[in-house]
Amino acid sequence: MTNNKPIDRNLKGSPTSDIDRNATFEAPPSLVPKGFTIGLAIFSLVLSLAGYVFRYISGDPIADILRHAAVLVPAFVIGIPLLFWLGALIMNKVKGMHIQRRNAFTLGWLISCVTMLWLMGTYS
């Protein structure tokens with residue numbers, strides 16, 4: 001008794017299916033929520049400017065405050081996240097990783113906020 005029915009190629013586990021058994025599973029990229037990224041960026045700006053209000057109230061000359069702020073605020077708000085983004089770009093090119101830009105910026109702003117809080121706690 002022979003069974004001459006055609007084999008359905010769409011069935012899972014079929015020996016003639018077109019599924020490559022050695023194919024690697026690639027997960028979709030996961031991104032940090034945009035609100036979290038924007039919130040950390042704003043928080044890093046607020047943290048970097050907060051100390052200068054107290055310096056102004058305590059009587060420091062405005063020229064000294066502005067000169068100090070012109071160096072440190074861009075370093076913490078722009079510089080550190082940019083370095084993390086650049087590091088992610090290099091890792092993507094050299095190592096073949098898939099680090100998303102928003103994730104790199106978010107990590108940069110998170111490290112920036114933690115560093116500023118650590119500095120504020122140390123010098124308070």
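- Considering CG of L31 and CZ of F36, their distance stands at 13.5 Å, rounded to 0.5 Å.
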Problem - CA sep, side-chain torsions, deciding dist, call: I99, F84, side chain to side chain contact (heavy atoms under 4.5 Å, CB included) - result: CA-CA 11 Å; I99 302 171; F84 273 85; over 6 Å; no
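- Rounded to the nearest 0.5 Å, atoms CG (N92) and CE (M97) are 8.5 Å apart.
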Exercise for the section: Walk me through it: do L107 and V32 pass the test side chain to side chain contact (heavy atoms under 4.5 Å, CB included)? Expected result: CA-CA 10 Å; L107 181 62; V32 175; over 6 Å; no
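- Linking ILVMFWY side-chain heavy atoms closer than 4.5 Å, directly or via other members, places L117 and I42 in two distinct hydrophobic clusters.
- Under the 4.5 Å side-chain heavy-atom criterion for grouping Ile, Leu, Val, Met, Phe, Trp and Tyr, V53 is not connected to L72 through any hydrophobic cluster.
- Between L119 and F76, the closest side-chain pair of non-hydrogen atoms falls below 4.5 Å.
- In this structure, the salt bridge (charged side-chain N to carboxylate O under 4.0 Å, His left out) partners of R67, at least two apart in sequence or on a different chain, are D64.
- The CE atom of M120 sits 7.5 Å away from the OG atom of S48 when rounded to the nearest 0.5 Å.
- In this structure, I111 CD1 and T106 OG1 are separated by 11.5 Å, a value rounded to the nearest 0.5 Å.
- Applying the ring pair (Phe, Tyr, Trp, His ring centres under 6.0 Å) test to every pair with at least one member in residues 47-66, sequence neighbours left out, gives these pairs: Y52-H68.
- Under a hydrophobic clustering in which Ile, Leu, Val, Met, Phe, Trp and Tyr are joined whenever their side-chain heavy atoms come within less than 4.5 Å, directly or via other members, I65 and I57 fall into different clusters.
- K93 is linked by a side-chain contact (heavy atoms from CB on, under 4.5 Å) to nothing, counting only residues two or more places apart in sequence or in another chain.
- Atom CH2 of residue W109 and atom OG1 of residue T37 lie 7.0 Å apart, to the nearest 0.5 angstrom.
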Problem - Chi angles and distances behind the side chain to side chain donor-acceptor pair (under 3.5 Å) call for S44, S112 - result: CA-CA 7 Å; S44 71; S112 177; 4.9 Å; no
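- Residue L83 holds its CG atom at 12.0 Å from CD1 of I78, rounded to the nearest 0.5 Å.
- Here the rule is side chain to side chain contact (heavy atoms under 4.5 Å, CB included) with V77, and of L82, L45, V46, L47 only L45 fits it.
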